[in-house]
Structure formats: structure tokens, C-alpha cells
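A short worksheet on the structure shown next.
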2 protein chains.
Amino acid sequence: MRKVPRQERSRRMVERIVTAGREVLVGSGYDAFSTNRVAAAAGISPGSLYQYFPDKAAVLDVIVDRYWDEVADRVAAALADRVGETGPAMVRATAAAALAALETDRALLRVIHEDLPPRRLAAQRRALEQRVRQLLTAVLTARPGDPGRSPDVQAWVIVLAIENLTLRWVLDEPGADRAQLLDEIVHLVTGYVSTAQLGDPGPD
Amino acid sequence: MRKVPRQERSRRMVERIVTAGREVLVGSGYDAFSTNRVAAAAGISPGSLYQYFPDKAAVLDVIVDRYWDEVADRVAAALADRVGETGPAMVRATAAAALAALETDRALLRVIHEDLPPRRLAAQRRALEQRVRQLLTAVLTARPGDPGRSPDVQAWVIVLAIENLTLRWVLDEPGADRAQLLDEIVHLVTGYVSTAQLGDPGPD
DNA sequence: ATTGTATGCGAGCTATCGCTCGCGTCACAG
DNA sequence: CTGTGACGCGAGCGATAGCTCGCATACAAT
């Protein structure tokens, strides 16, 4: 922020800019996200925009950060609430929370994940992954597991799998309903952490 | 292509443009990927570039398409070669092929996946996913499985999981070596397809 | 050799876009 | 009421980048 909005009027304007920016982004894509366009959509002048935002990227940052912070908080909270319950319950609740969080603004999620250069979200994605991974590593370490396998790596695998499955499901609306997806995710994770030594293909 | 290069000289130039484009992309990032810059790097003039490419995007398309087509072919070939072997062997071989393919040009992969808007690769990713998914669905359908679960959905889950795990591993060099990763992927998939009804957490 | 065509050049046109700056307006303090 | 700073405006600057066009050169066919 270049200047702190002191009066109520200017604070409302900052909000209008952010809202208009989101509308332009969702309605017309990232290519249309020019400062002039956003200002026009907000019903203000380009000059006014630059009184409170140092540059175009700052506006985008606010939009993306707000969205992703909410997603991250909801997912992390859901997981933290369920630590101590059984593995499947934890997994299901967390995946369900991720789905719900990602679905709250599908259109914005789509633009962010399909139009924007991934760098924009990379840091925040990593941060969320790490938050979840740390909790999960602790849970995995506490349970008796195959001593030859690293809980850190397992947590990394599980977090990435769930993240990408939920993300793609929300964006692509594939041939599986929500309950089915959650079932499969639970299967995936429980099957994974309970498999014996390699070379045991199970009931194959 | 705006014009077909007939003489040897011009065909070499087109190659030089593509090569230079890749160098600019890898060496200086997508922001630096301007037509003038690419032309300069190729030692030709901007006008010459536009004799064979309709626009800037076309140059980028050739670069990206070539890279991804090679990746896709290698992965699909590895999988096709192993259809008929046991599940774990198939999974391991395919994942290993994916790793090897993605690693052949890590720098380009990084730019493509971190700098470029994901739309650029989306269609081709989907195409590869579908190729692999179809083969996998057939394999899953042939084996005796839980009748309540859909092979299509299972294949979708497995393909996405492997794709994203290998991709992220190549890009992030996380705390697991190659063999470990392959072991975990095999665990993940074999555990997944062999889990019984939901609510059976296995040897928990 | 000559002629038609493919090739290649590079200055520069055009359009866009991020951003600024000088000026008018409004709100609040004294 | 009045003055001072916060607020807001919008034309337009400067830079960039995609792309073109008229011309010179190299090649190939006759």
C-alpha cells in the first residue's frame, strides 16, 4: 500500500477496487485485468487506484491472498479439529473441507489456476502443504508403521495426492460425485499407509 | 505457419528460431520471451520470424508441443509395453518412465510449469491423462475388484496421483530419492486398488 | 543469362498499458 | 466559518512489444 486510507470514503474505495478487480478477473480473464479496466469497473479513475496500491500486482495479490488464505485456514482448521480421531475420519473430514473451501468460489479458483502464472500462488500453496504435512507427519509417526518407510515422505505423498485430486475434481467436474470422490480418497490413503512390504501385491 | 519453408536455408532458420526461443525461455523466463528477443537470439530479424510463424504464440506452441509430445510418448509407450505384467511392475515402470521423461529437460519443464499460464499445456495434459487412463481402466476392469467401485474413477485417481507426484518430485527435489519415490508410488497404487470395503481401515 | 520466386532484413508503425501529475473537491479541525 | 490536508480525477506520458512493409539478396528454373 502506497498510502493508508484514513477516511471512510477512501476505505470503501479500496474495497470497491478489490471487488471490481475480482469481477474483471472472473468475468473477463487475466488478460483483461489492466489497471484502467479495473478502475473503470470500480467506477473510479486510474489515478485513484494508485493512491493506495503501489502497482497492478498489489491489487492482484490482495485478491489472490484473500481467497487462498480462506481456503488454507478452512482446510487446516478441519484437520486440526480431527487430529486424534481415526485415520479415515481425519482424511475424509479434511478432504471434505478442502472440497468445500475450493468450491466457495469456483470461478475465481478457475482463473487463478488456469490463467495466472502459477508462480503467483506457489508460495502460498507450499505454505498450506507444509502446514498440513506437519500435522500429518506427527500422526503418522505416532502410529506403528513399517520402519523402513519415512513418515515425512508418506505425508508428502498423501498431501500432494489429496490436494491435486480435490483441486482437479472441483475444476473439472469429472465422472464421480462428491461422496464417491471422498470414498476413493479415503481408500487411497488408508490403503497406502497400511500396505506391507514392497513385493506384496496384496490380493492380486 | 504462415508460409512453408521450401529451401534448406529457410528450414534451418525455422529450427534456429525454435532453438533460440527455447534458450530465451529457459535462460530468461517467459517475460523475456518477446519476438524481437527471440529473433535476436536466433541471429535473424523480427520480420523473418513472421514469415514462418503467424504470431508469437505459434513459436511458443512449437516449443511446448515438442517437449510435451515427447514426454507423452515416452510415458504411454512405457505403459503399453508393460500391460499384461503385474500391477506393481506396470506402475513402477510407468512412473519411472514419467520421471525419466520429465527429467530430460528440467529447466524447460520448470518454465513451462511455473511461468506459463497453465492453459497452454492443459489440453495436452488432458490428452496424456486420457491415454493412460484408458489403458489403466481396461486393466482394472479385467481384474476382480470390489463391484461397488468404478474402474473409471479409480483410474482417474491413480493417473492424477502419479502425474502430480512425479511432476512435483522432479521440480522440487524433495527429501526422497528416486527409488524411494517409486516405492511409495507403488505402495500407493497397490494399496489403493486392493483395499476392501470402506470402514475397514486395514491393520490399523 | 535472365527472370520469377523464395528468402531475409530492420526501421518503424500502432496499439496497449502501467503509471503519473497537476488540478479541483470534500471533509474535518480549530 | 475557514483553512488545511486527504481525496479523487482523467488526460496523457513513456515504454514496450507485437507485428508490418518496402526493399535488397539468394536461389532455381528455363
Side-chain angles (χ1 to χ4, degrees), chain A residues 1-64 111 115-117 119-120, chain B residues 1-64 111 115-117 119-120:
Chain A
M1 284 256 180
R2 169 166 295 185
K3 211 162 72 177
V4 178
R6 306 180 188 279
Q7 302 177 7
E8 175 60 21
R9 177 169 50 133
S10 53
R11 251 170 279 137
R12 281 215 325 271
M13 195 184 64
V14 169
E15 267 327 289
R16 285 236 308 282
I17 293 172
V18 173
T19 303
R22 199 166 41 220
E23 276 162 13
V24 169
L25 210 51
V26 168
S28 311
Y30 180 55
D31 286 345
F33 189 81
S34 70
T35 52
N36 289 349
R37 185 87 144 67
V38 171
I44 60 153
S45 95
S48 300
L49 189 152
Y50 281 92
Q51 286 201 328
Y52 304 101
F53 294 94
D55 52 28
K56 168 178 150 166
V59 181
L60 191 60
D61 283 344
V62 171
I63 296 170
V64 173
V111 177
D115 263 35
L116 260 51
R119 269 196 210 291
R120 180 78 51 174
Chain B
M1 282 257 180
R2 169 165 295 185
K3 214 161 69 176
V4 177
R6 307 180 187 278
Q7 303 177 7
E8 174 61 22
R9 176 170 51 133
S10 53
R11 252 170 278 135
R12 280 215 326 273
M13 194 184 66
V14 168
E15 268 324 291
R16 284 236 307 282
I17 293 172
V18 173
T19 304
R22 199 167 42 221
E23 277 163 11
V24 169
L25 210 51
V26 168
S28 310
Y30 180 55
D31 286 345
F33 189 82
S34 70
T35 52
N36 290 348
R37 185 89 143 67
V38 171
I44 60 151
S45 93
S48 301
L49 188 151
Y50 281 93
Q51 286 201 327
Y52 304 102
F53 294 93
D55 53 26
K56 168 178 151 166
V59 182
L60 192 59
D61 283 345
V62 172
I63 297 170
V64 173
V111 176
D115 264 36
L116 261 50
R119 267 196 212 290
R120 180 77 51 175

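It should be emphasised that the depicted structure is a prediction, and the values quoted were computed from it without experimental measurement. Values below: all heavy atoms of this structure, side chains included; hydrogens, waters and symmetry mates excluded. Numbered from 1 within each chain, the chains take letters A, B, ... in sequence-line order.
For the side chain to side chain contact (heavy atoms under 4.5 Å, CB included) test, residues two or more places apart in sequence or in another chain that qualify with R11(A) are P5(A), E8(A). With sequence neighbours left out, E23(A) forms a salt bridge (Lys or Arg N to Asp or Glu O under 4.0 Å) with no residue at all. Residues satisfying the salt bridge (Lys or Arg N to Asp or Glu O under 4.0 Å) criterion with R119(A), sequence neighbours excluded, are E114(B), D115(B). For S28(A), the side chain to side chain contact (heavy atoms under 4.5 Å, CB included) partners are A32(A), R37(A), not counting sequence neighbours.
Heavy atoms only, all atoms of each residue included: A42(B) and I17(B) are closest at CB-CA, 4.1 Å. Residues Y50(B) and R2(B) share a closest heavy-atom pair of O-CD, 3.2 Å. Closest non-hydrogen pair, V59(A) versus L49(A), comes out as CG2-CD2, 4.1 Å. The two residues F33(A) and V24(A) have their closest heavy-atom pair at CA-CG1, 4.0 Å.
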Quiz item: Reading nucleotides 13-30 of chain D 5' to 3', which nucleotides get B (base under 4.0 Å from a protein heavy atom), which S (sugar-phosphate only), which -?
Solution: -----BBB------S---
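Bounding nucleotides for the chain B contact on DNA chain C, 5' to 3', at a heavy-atom distance below 4.0 Å, are dA6(C) to dG10(C).
Both S45(B) and E8(B) lie near DNA chain C, and the one whose nearest nucleotide falls closer to the 5' end is E8(B).
Nucleic acid contact for L49(A): none, since no nucleic acid atom lies under 4.0 Å from a heavy atom of the residue.
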